[in-house]
Amino acid sequence: MITDLRVLQDEFLPKEIRHRDREIDSIATALQPILHGEPADDVFLHGPTGVGKTCIARYSMEQLKMEAAVDTQYVNCWNDYTRYRVLYKLLEGVGRTVDIHRSSTPRDVLLDRIQDAEGPYVAVLDEVDQLEDPSVLYDLYTIPHVTVLMIANDHQGFLNSVDDRLESRLTVCRDIKFEPYTVDALVAILEDRVRKGLYPDAVSDRQLERIADAAAGDARVAIGALRVAARTAEDRGLDEITPEVVEDAIPDARKQIRSKTLDSLTEHQMVLYDIVEEHGEADPGVLYEEYESRVDSPKTRRTLRNYLAKMVQYDLLEAEGEGRGRSYRLKEAGD
DNA sequence: ATTCCACCGGAATAGCGGGATA
DNA sequence: TATCCCGCTATTCCGGTGGAAT
């Protein structure tokens, strides 16, 4: 069934990108000055999940590096959300972290190091709206040879959340909007992966269309469903992905994506999540009492509020109402 | 209308872990 | 070894908000 599992993984970066020519051109145009040794415009990619933002950003970096001597670094601000961690990651990109330690290195030596590095540098900041303190963007603006490529779901929402000084800088960067994939586009993407990763005839066009349709424009879900379906078919000793396998694979793929997020929660946060799951819907008072009774040394109410806010940010939970009447419930997959 | 109360979330602070320094 | 510094999490403090009770 499967000949190459890698091409079905999220991280896989295809050599050719389908149905995103306009976006790729826009990025290339924005970064063009780098080829002539001049500072380039910053770029902002935005659009819903699974529309190829990250993929196209990584692809563009590969292309750029083939044409010019330029350093690039990818930072996912979901994982590296503090100023320090972002700067540290960016230093890794130019190999200047050797004697950096989080203690005893004077406060802004990281920024100085990036500044001192010669040559153009493109910093890709994915999930940039997850930064706890976006002022690191301002730090980077002060360095002429650094170009920032930001990625987020909601461009306007992000602009509104930063202070005026930063906002005025951000509004001048080139913004590129990504629309959800059409069913045809998703089928084309899936066909590519099938050709490289599965035996011929392992799956019919009809089943690919079914997957593409259920994915609702989200390539990540579509590829995940294909992966799950291929594995299931293999486990069951089938030589073809059947309609039944596809039907099961779609919800499983969404679950897999969710459980990836759940893995990043702490033990206490997980307890809290379980409580919300059991109650279906719960107000904060009940939530805290329940939590208090289940855990050895409970955190304070304030900390729990932070946990809840975090899980809402992560799209795990949904909050309803403000102030006194607020309640929390699980956020179901699929916006 | 007014008061009350549960809850929200910003800001400042404390405490911890861990590496550096003297 | 004792001490310092830093990042990071949790805690403390508190003003603000909106629904419920009076």
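Please read all numbers here as calculations on a predicted model, not as lab measurements. Within every chain, numbering begins at 1; the chains are lettered A, B, ... in the order of the sequence lines, protein sequences first and strands thereafter.
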Next on the checklist: Let's test your reading of the model: under 3.5 Å, does the base of B:dC7 pair with the side chain of A:R324 as donor and acceptor?
Outcome noted: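 Side chain to base: no pair below 3.5 Å.
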Item to check | Whether A:W78 and A:Y314 hold their rings parallel, tilted or perpendicular, with breakpoints at 30° and 60° | outcome: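 Geometry flag for A:Y314 against A:W78: tilted rings.
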Is [X] close enough to [N] that one of its side-chain N or O atoms is under 4.0 Å from OP1 or OP2 there?
{"X": "A:T303", "N": "C:dT11", "value": "yes"}
{"X": "A:R85", "N": "C:dC8", "value": "yes"}
{"X": "A:Y81", "N": "C:dT9", "value": "yes"}
{"X": "A:Y288", "N": "B:dA6", "value": "no"}

When you measure from the side chain of [X], which nucleotide among [options] comes out closest?
{"X": "A:R302", "options": "B:dC7, C:dT11, B:dG10", "result": "B:dG10"}
{"X": "A:Y328", "options": "B:dC8, B:dA6, C:dT11", "result": "B:dC8"}
{"X": "A:P284", "options": "C:dA10, C:dT12, B:dC7", "result": "B:dC7"}
{"X": "A:D283", "options": "C:dT11, C:dC8, B:dC7", "result": "B:dC7"}
{"X": "A:R305", "options": "B:dC7, C:dT12, C:dT9", "result": "B:dC7"}
{"X": "A:T300", "options": "C:dC8, C:dT12, C:dA10", "result": "C:dT12"}

Item to check | Intermediate values then yes/no, side chain to side chain contact (heavy atoms under 4.5 Å, CB included), A:L149 and A:D42 | outcome: CA-CA 6 Å; A:L149 195 159; A:D42 292 315; over 6 Å; no
Item to check | Option among A:R193, A:R58, A:R220 that satisfies the salt bridge (charged side-chain N to carboxylate O under 4.0 Å, His left out) test with A:D10 | outcome: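 Passing option: A:R220.
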Item to check | Sugar-phosphate only, base, or nothing, as touched by A:G325 at under 4.0 Å among non-hydrogen atoms | outcome: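 Nothing, no heavy atom under 4.0 Å.
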Using atom [atom1] of [X] as one end and atom [atom2] of [N] as the other, report the distance to the nearest whole Å.
{"X": "A:E322", "N": "B:dG9", "atom1": "CD", "atom2": "C1'", "value": "11 Å"}
{"X": "A:Y307", "N": "B:dG9", "atom1": "OH", "atom2": "P", "value": "16 Å"}
{"X": "A:N306", "N": "B:dA11", "atom1": "CG", "atom2": "P", "value": "13 Å"}

Checklist entry - Backbone N or O of A:Y84 within a donor-acceptor pair of the A:K89 side chain at under 3.5 Å? => result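 Answer holds: no.
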Checklist entry - Has the side chain of A:T266 got a donor or acceptor atom that lies under 3.5 Å from a matching backbone atom of A:Q269? => result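 Yes; judged by distance alone, with no hydrogens or angles, the pair exists.
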